[in-house]
Peer 1: 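Below you will find the structure I want to go over with you.
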2 protein chains.
Amino acid sequence: MDSPVQANDIMKILERSWIFRDFPVQDKKDLVANSSLVRYDNRDVLFKQKTRTSHVMFIVKGLVKIYKENVSNRPVMLKIISGDHFAGLDTLFAEPVYQYSASSIGETTILIMDFGTFNNLLMSNGRFALDVIRLLSKESLYIFTRLNSQIHKQLPGRVADVLLYFSEEIYHSYEFEFPLPRHELAELAGTTKESFIRTINEFKHDKIIQLEGRRVKIVSLDIVRILSDLG
Amino acid sequence: MDSPVQANDIMKILERSWIFRDFPVQDKKDLVANSSLVRYDNRDVLFKQKTRTSHVMFIVKGLVKIYKENVSNRPVMLKIISGDHFAGLDTLFAEPVYQYSASSIGETTILIMDFGTFNNLLMSNGRFALDVIRLLSKESLYIFTRLNSQIHKQLPGRVADVLLYFSEEIYHSYEFEFPLPRHELAELAGTTKESFIRTINEFKHDKIIQLEGRRVKIVSLDIVRILSDLG
DNA sequence: GGACAATGGTGATCTATATCATCATATTTT
DNA sequence: AAAATATGATGATATAGATCACCATTGTCC
């Protein structure tokens, strides 16, 4: 089904990803034969809450936003996933329907894998299973800290968390550009657009950060850290 | 090392647990040889945040409370684990030190397994790995909903959640006894002792529940559900 | 058996942040 | 080019729930 060109591309992706790199050749071939590479534009929906789970999505390039939608029409952003990670793994294994939605941030390339193939590999390749277990574990722990923050930190602490999240987890730089508008950053901080704006602009006025539009530079990392720690 | 009596007990436990039951005999023997059965009293600490991870804890009898401690000295209860489940799996695989603490609720029996043995089984037994993946996935999803509730539901909704949690997840009955004092129930609802007491006593006055001391009976399940749903 | 801690409870404030209203730009659509 | 929408921003107001300060019981420990 796949053109040889795409098969080649997929193989290259597997070769350079930390998780698939050391797979036996046959396992990689299986994956290549049962995957396809898909490009998404900004804000495209990868999958939607309550729809049937179907495929494993491995992010090759770009960012993916994972969010929960609820009756109140005020979504919560659970996390942002970057390249070399999976989207929706947990739901895939635990539930027949997605428990949250996912959409692309910017242009994104996703390697879509057949779930059956993925499952067989997990069963036969213990090393791989253990890696997946580690990934899921980390996700759990991350949300634990989010919950803890949401309960005990007040806004400045949570906004500081968002700054650290982008700079340390996503862009690995203390100067970066928010890939999202304010109201979505607010979803990530568990607050409203207005409150987020007020708080981050206070950071700006206090010279803790530089901020023009979506461009940020963390000026006083120590203060941001203190704000995050003390909540 | 283990007395034959204990070895026998452990084997029986493995035989009747859904997760180990279908293991090959040799795998079960390995586990028996590398596990020990330990009794804990009410409020004993099983492991403490920031200490080195060491063993896999499988809950045989009783309940275990998982909580995060933080600087503000106000813990967050992440979940309550009941029999036939593991405590601390996620940390074990992701971090060298525990990311949260665990203590027993009431008298508890724990099967403590050697992590190395557990790991080897995961690598060699694909079925088992997949089961563990499913467990971890469910945990992730549960905390996602907790986070969502914490952000969007107000207190009555979260107190309703606590009622539903105990009745449906823990005791499988709409009449039960809280195994914890009010201030710990508050930790589970992400609020303070005072606010929790006020809210649950309002439920009582509104005849949604019956409540004497720690004994609860959910009278209007539909109203509790509505409170939980609408937040 | 007295002391001390733990637990359940209530009232009076206080405050962080949600909510509502509005506006200026910038961006996209027609 | 005009209209419509998205985005960033700011002020005024409302309020849920935290905080503080108590108190009465009950349980536990020398």
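Chain letters run A, B, ... following the sequence lines, proteins first and then strands; every chain starts at 1.
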Peer 1: Just the table, please: protein N/O against nucleotides 19-25 of chain C N/O, every pair under 3.5 Å.
Peer 2:
residue, atom, partner, partner atom, Å
C:dT19, OP1, A:R74, NH1, 3.4
C:dT19, O4, A:R198, NH2, 3.0
C:dC20, N4, A:E194, OE2, 3.3

Peer 1: Please list, chain by chain and in numerical order, all residues satisfying side-chain contact (heavy atoms from CB on, under 4.5 Å) with A:K153, sequence neighbours excluded.
Peer 2: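 side-chain contact (heavy atoms from CB on, under 4.5 Å) check on A:K153 returns A:S149, A:R158, A:D161, A:S228.
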Peer 1: Of the residues in residues 144-166 of chain B, which ones touch DNA chain C at a heavy-atom distance under 4.0 Å?
Peer 2: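 Per residue number, the list is empty: none.
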Peer 1: Output every pair passing side chain to side chain donor-acceptor pair (under 3.5 Å) with a member in residues 198-214 of chain A, not counting sequence neighbours, ordered by first then second residue.
Peer 2: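 The answer is none; no pair qualifies.
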Peer 1: Output the rounded distance in Å from CZ (A:R215) to P (D:dG8).
Peer 2: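 Computing the A:R215:CZ to D:dG8:P distance gives 15 Å.
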Peer 1: Checking B:A102 now: which residues fulfil side-chain contact (heavy atoms from CB on, under 4.5 Å) with it, not counting sequence neighbours?
Peer 2: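 Testing B:A102 for side-chain contact (heavy atoms from CB on, under 4.5 Å), a comparison that skips the adjacent residues, returns B:L46, B:F47, B:V64, B:I66.
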Peer 1: Please check: side-chain N/O of B:S104 versus main-chain N/O of B:D44, any donor-acceptor pairing under 3.5 Å?
Peer 2: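 Between the backbone of B:D44 and the side chain of B:S104 there is a qualifying donor-acceptor contact (under 3.5 Å).
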Peer 1: Expressed in angstrom and rounded to an integer, what is the separation of A:N42 atom CG from C:dT27 atom P?
Peer 2: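 Rounded to whole Å, this separation is 14 Å.
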Peer 1: When the distance from NZ of A:K204 to P of D:dG8 is rounded to whole Å, what number comes out?
Peer 2: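 Rounding to the nearest Å, NZ of A:K204 and P of D:dG8 are 12 Å apart.
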Peer 1: With a 4.0 Å limit, can you tell me whether A:N201 has a side-chain N or O closer than that to the phosphate oxygens OP1/OP2 of D:dA9?
Peer 2: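 Indeed, a polar side-chain atom of A:N201 lies that close.
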Peer 1: Begin with the C-alpha distance, continue with both residues' side-chain angles, and end with the deciding distance and a verdict on ring pair (Phe, Tyr, Trp, His ring centres under 6.0 Å) for B:Y171 and B:Y165.
Peer 2: CA-CA 9 Å; B:Y171 295 116; B:Y165 185 65; 9.9 Å; no
Peer 1: In whole angstrom, give the distance that lies between atom CD1 of A:I197 and atom C1' of D:dG11.
Peer 2: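 Rounding to the nearest Å, CD1 of A:I197 and C1' of D:dG11 are 13 Å apart.
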Peer 1: Hey, could you give me each pair passing salt bridge (charged side-chain N to carboxylate O under 4.0 Å, His left out) that has a residue in residues 168-188 of chain A? Not counting sequence neighbours.
Peer 2: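 Listed once each, the pairs are A:R43-A:E184, A:K65-A:E184, A:K65-A:E187, A:E168-A:R225, A:E177-A:R215.
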Peer 1: Where do B:F166 and B:Y174 land on the ring pair (Phe, Tyr, Trp, His ring centres under 6.0 Å) test, with the steps shown first?
Peer 2: CA-CA 9 Å; B:F166 279 106; B:Y174 292 110; over 10 Å; no
Peer 1: Please list, by residue number, the residues of residues 174-183 of chain A whose heavy atoms come closer than 4.0 Å to an atom of DNA chain D; answer none if no residue qualifies.
Peer 2: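 Heavy-atom cutoff 4.0 Å gives A:P181, A:R182, A:H183.
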Peer 1: Between A:Q6 (side chain) and A:L37 (backbone), is there a donor-acceptor pair under 3.5 Å?
Peer 2: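 Flag set: sc A:Q6 to bb A:L37 pair under 3.5 Å.
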Peer 1: Could you state the CD-P distance from A:E202 to C:dT17, rounded to the nearest angstrom?
Peer 2: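 After rounding, the reported distance stands at 10 Å.
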Peer 1: Can you tell me the distance, in whole Å, between the CZ atom of A:R214 and the P atom of C:dA26?
Peer 2: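 The distance from CZ of A:R214 to P of C:dA26 comes to 14 Å, rounded to the nearest Å.
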Peer 1: What side chain to side chain donor-acceptor pair (under 3.5 Å) pairs are there with at least one residue in residues 46-56 of chain A, not counting sequence neighbours?
Peer 2: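 Pairs touching residues 46-56 of chain A that pass the test: A:K48-A:E69.
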Peer 1: So if I take the C1' atoms of five pairs at each end of the helix from C:dG1-D:dC30 to C:dT30-D:dA1 and get each local axis, what angle do the two axes make, rounded to 10 degrees?
Peer 2: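 Answer for the end axes of this duplex: 50°.
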Peer 1: Can you list everything that forms a side-chain contact (heavy atoms from CB on, under 4.5 Å) with B:I143? Sequence neighbours excluded, please.
Peer 2: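 Only A:I143, A:F144, A:L147 meet the side-chain contact (heavy atoms from CB on, under 4.5 Å) criterion with B:I143.
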Peer 1: Can you measure A:F196 atom CZ to D:dG8 atom C1' for me and round it to whole angstrom units?
Peer 2: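 Value for this atom pair: 12 Å.
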Peer 1: Kindly write out the residues that satisfy ring pair (Phe, Tyr, Trp, His ring centres under 6.0 Å) with A:Y67, not counting sequence neighbours, or none if the list is empty.
Peer 2: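 A:Y67 satisfies ring pair (Phe, Tyr, Trp, His ring centres under 6.0 Å) with no residue once adjacent residues are dropped.
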Peer 1: Side-chain donor-acceptor contacts of residues 81-88 of chain A below 3.5 Å, not counting sequence neighbours, with atom names and distances?
Peer 2:
none

Peer 1: Determine the interplanar angle of the A:F196 and A:F178 rings, folded into 0 to 90°, and report it as parallel if under 30°, tilted if 30 to 60°, perpendicular if over 60°.
Peer 2: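 Perpendicular, since the angle between the ring planes exceeds 60°.
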Peer 1: Classify the nucleic acid contact of B:T199 as base, sugar-phosphate or nothing, counting any heavy atom under 4.0 Å across all strands shown.
Peer 2: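 The answer is nothing, as B:T199 stays clear of every strand by at least 4.0 Å.
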Peer 1: Using modelled atom types only, decide if a donor and an acceptor are shared between the side chain of B:N70 and the backbone of B:R74 within a distance under 3.5 Å.
Peer 2: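 Yes: the side chain of B:N70 pairs with the backbone of B:R74.
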